[in-house]
Amino acid sequence: MNPKRTVYPQRLSVLCLCVTLAPVIVARSQQSSAEAPYDVLIRHGHILDGTGNPWYAGDIAIRGDRIAAIGTLEGAQAKRVIDASGLVVSPGFIDMLGQSEESLLIDNRSLSKLSQGITSEITGEGGSIAPQNELTIAPQKILLDHYHLTLDWHDLAGYFQRLQTSGTPINLGTYVGAAQVREAVLGDVNRAPTPAELQQMESLVAAAMQQGALGVSTALIYPPGHYATTEELIALAKVASQYGGLYASHMRSEGQSEIAAIDEAMRIGREAHLPVEIFHLKVSGKTRWGGMKEVVAKIQAARDSGLDIAADMYPYVAGGTALASALPPWMADGGIAQLLQRLQDPATRKRVVAEMSEDHKDWENLYLDSGGGSGVMIASVVNPALKQYEGKTVAEMAKAENKPEMDAFFDFILADKGQTEALYFMANENDLQYGLKQAWTSIGLDAGETSLDGPLFEPHTHPRAWGAMPRFLGHYSRDLQLVDLAQAIRKITSLPAQREHLNGRGLLKSGFYADVTIFNPATIIDTATYANPNQVAKGVEYVLVNGQLEWEQGRLTGATAGRALRGQGAAQH
């Protein structure tokens, strides 16, 4: 489910590292005979600790949910010994934007995440898992009924309790969505909140932050998030700032108005006094390809001026979201039922066709950015009668239906009641690579956990769900040498942990939580493709979450050792 609305100085480095570690190695190499064996001992690995430093040889001992010792632990005993000879031992990978909050309650095996080394996920993109009330639940009814899921909580504390009860293999942290609190108070309407309503929205953000939200998020191309003014978002971000949170955003534009959208995000960060995280940074639309250098320069200049701003990316040129999200935002005013009703009106269709044939400064024309129907692939549908079109482009579907492309497009949205997910081929490989190599970009899948069967299985999902981390490490780091392996690991471990204030995570360090990924650097690679996305990646051998082995040489262990990741605000209350 998708809750969106809608070449080292090696000798010197190693020498310095050994001098630093020597006392630890001596101290840890002898385990008292009276001391209980470690639970897990990882031997002979090449340790990349997440700092960006070159690898060093060593063993890692785990007791309970923590790393107990790191060094040459020759005399140590353990209940389980893992031989990591020839393998890299790193912190568990952190997905900076997932979509698993509801999926974990439907089918929590998390094969797609664990198999690529992910131990923690950050979620909540504009829409979030809480708060919930009748106004937020109603638009989700079709999907909730489809998956037989009941939202029996109202706040983040209630959701975390539900998650703990059902069990989760991965750690999960979330933002509170600005669109979520807007919908909880106003519903899906395009108007400004009254002062009293804005105060109510601020109270909902405060409550979520006190219960562990990591910040406030926006998804500004999707209704109802699109309806919010900058001033409304600043007010909500100021509340998150009081609790040490971030402002994270799918910006108002990734295309024609991207620079202005970055300006808006930076203004919110500056006026609300909090860090800014840009979700899935890209440059959208063929006419704008090559623009990533300007985007990067803009962000770097802001960083140089003192603004704490960074971004996450997924290593693919196609994006993924609802098919209905290609429609102009005004179509969704009042919710999905109103959108579907409008699509039945010939005059409205004519207006939408005209608007979707042009670029717009005030909304993101995903259809045009993808080059029309030939660049939009139908990924998943709910209506069984439409399953034959999964994996087909809109253009191919229209031809099969013997209809003009836009009529077929509208009819398809109607027939699937607006629930279709699609892939939009709108970005450029050179732009992607330029962004990925920046020191301040991390990796986010923008996809929820899933498995190869069961209720969440989708034959034509986005390959990022199965391959983003191995693709980054194998294709971009090892094969293209875009960034060296130590830095690549830093970008998916300590960098996101630092950004989200995940204390005790993101590094291999004594006393830290034992989130550990062990992989073969020579073989790690994604196998998922756009044509055949449901393929498990290669090269990840073992994954431990909070000290428990969850993935072992190609199989899930069934452990559910994951936990809720709470923000700084929870520690204050």
Side-chain angles (χ1 to χ4, degrees), residues 8-93 114 117 119 473 484-486 488-490 493-494 497 504-524 539-555 557 559 561:
Y8 283 102
Q10 290 276 7
R11 187 169 301 172
L12 179 59
S13 299
V14 173
L15 177 60
C16 293
L17 189 60
C18 289
V19 170
T20 302
L21 289 177
V24 177
I25 292 171
V26 171
R28 298 292 187 180
S29 62
Q30 296 181 10
Q31 183 179 22
S32 171
S33 59
E35 190 176 7
Y38 296 117
D39 293 312
V40 180
L41 183 61
I42 304 168
R43 289 196 177 277
H44 311 310
H46 287 184
I47 298 173
L48 280 171
D49 62 5
T51 62
N53 289 334
W55 69 268
Y56 63 95
D59 308 324
I60 298 178
I62 297 168
R63 180 174 287 119
D65 62 357
R66 304 275 181 157
I67 296 173
I70 302 178
T72 304
L73 308 175
E74 293 180 357
Q77 301 295 316
K79 300 172 185 175
R80 173 65 191 269
V81 177
I82 297 174
D83 184 1
S85 299
L87 304 177
V88 166
V89 183
S90 80
F93 306 155
L114 292 169
T119 58
L473 295 177
D484 67 64
L485 184 57
I489 292 297
R490 180 193 64 83
T493 58
S494 67
R505 301 189 192 271
L507 293 171
L508 295 182
K509 186 176 180 180
S510 183
F512 272 46
Y513 289 99
D515 294 341
V516 184
T517 294
I518 306 172
F519 65 94
N520 188 328
T523 64
I524 190 166
V540 176
E541 300 293 335
Y542 303 91
V543 177
L544 296 96
V545 179
N546 296 310
Q548 293 192 37
L549 194 60
E550 300 239 16
W551 174 258
E552 180 178 8
Q553 296 183 313
R555 68 174 185 88
T557 68

Between atom [atom1] of [X] and atom [atom2] of [Y], what is the distance when rounded to the nearest 0.5 Å?
X    : Y    : atom1 : atom2 : result
I67  : L507 : CD1   : CG    : 9.0 Å
T72  : H44  : OG1   : NE2   : 10.0 Å
L87  : I524 : CG    : CD1   : 10.5 Å
N520 : E541 : CG    : CD    : 6.5 Å
L549 : I518 : CG    : CD1   : 8.0 Å
I62  : R80  : CD1   : CZ    : 11.0 Å

[X] to [Y] - nearest heavy-atom pair and separation:
X    : Y    : result
L508 : V89  : CD1-O, 3.5 Å
G547 : L544 : O-CD2, 3.8 Å
R66  : G511 : NH1-O, 3.0 Å
P521 : G86  : CD-O, 3.8 Å
G52  : A486 : O-CB, 3.4 Å
A68  : S510 : O-OG, 3.4 Å

Subject >> Heavy-atom side-chain contact between Y542 and I42 under 4.5 Å >> reply: no
**OP:** Quick one: list whatever passes side-chain hydrogen bond (donor to acceptor under 3.5 Å, both in side chains) with R505, sequence neighbours left out.
**Re:** D515, N546
Subject >> Partner set under side-chain hydrogen bond (donor to acceptor under 3.5 Å, both in side chains) for D83, not counting sequence neighbours >> reply: S85
**OP:** Check side-chain contact (heavy atoms from CB on, under 4.5 Å) between A61 and all other residues, then give those that pass, not counting sequence neighbours.
**Re:** Y38, L41, A69, L73
Original post:
With sequence neighbours excluded, what pairs up with T493 under the side-chain contact (heavy atoms from CB on, under 4.5 Å) test?
Top reply: P91, F93, I489
Original post:
Within the side chain of R63, is there an N or O that forms a donor-acceptor pair under 3.5 Å with the backbone of A36?
Top reply: yes
Original post:
Any donor-acceptor pair under 3.5 Å linking the side chain of E550 with the backbone of A561?
Top reply: yes
**OP:** Let me know which of V543, T119, V545 forms a side chain to side chain contact (heavy atoms under 4.5 Å, CB included) with W551.
**Re:** V543
**OP:** Quick one: list whatever passes salt bridge (charged side-chain N to carboxylate O under 4.0 Å, His left out) with R43, sequence neighbours left out.
**Re:** D59
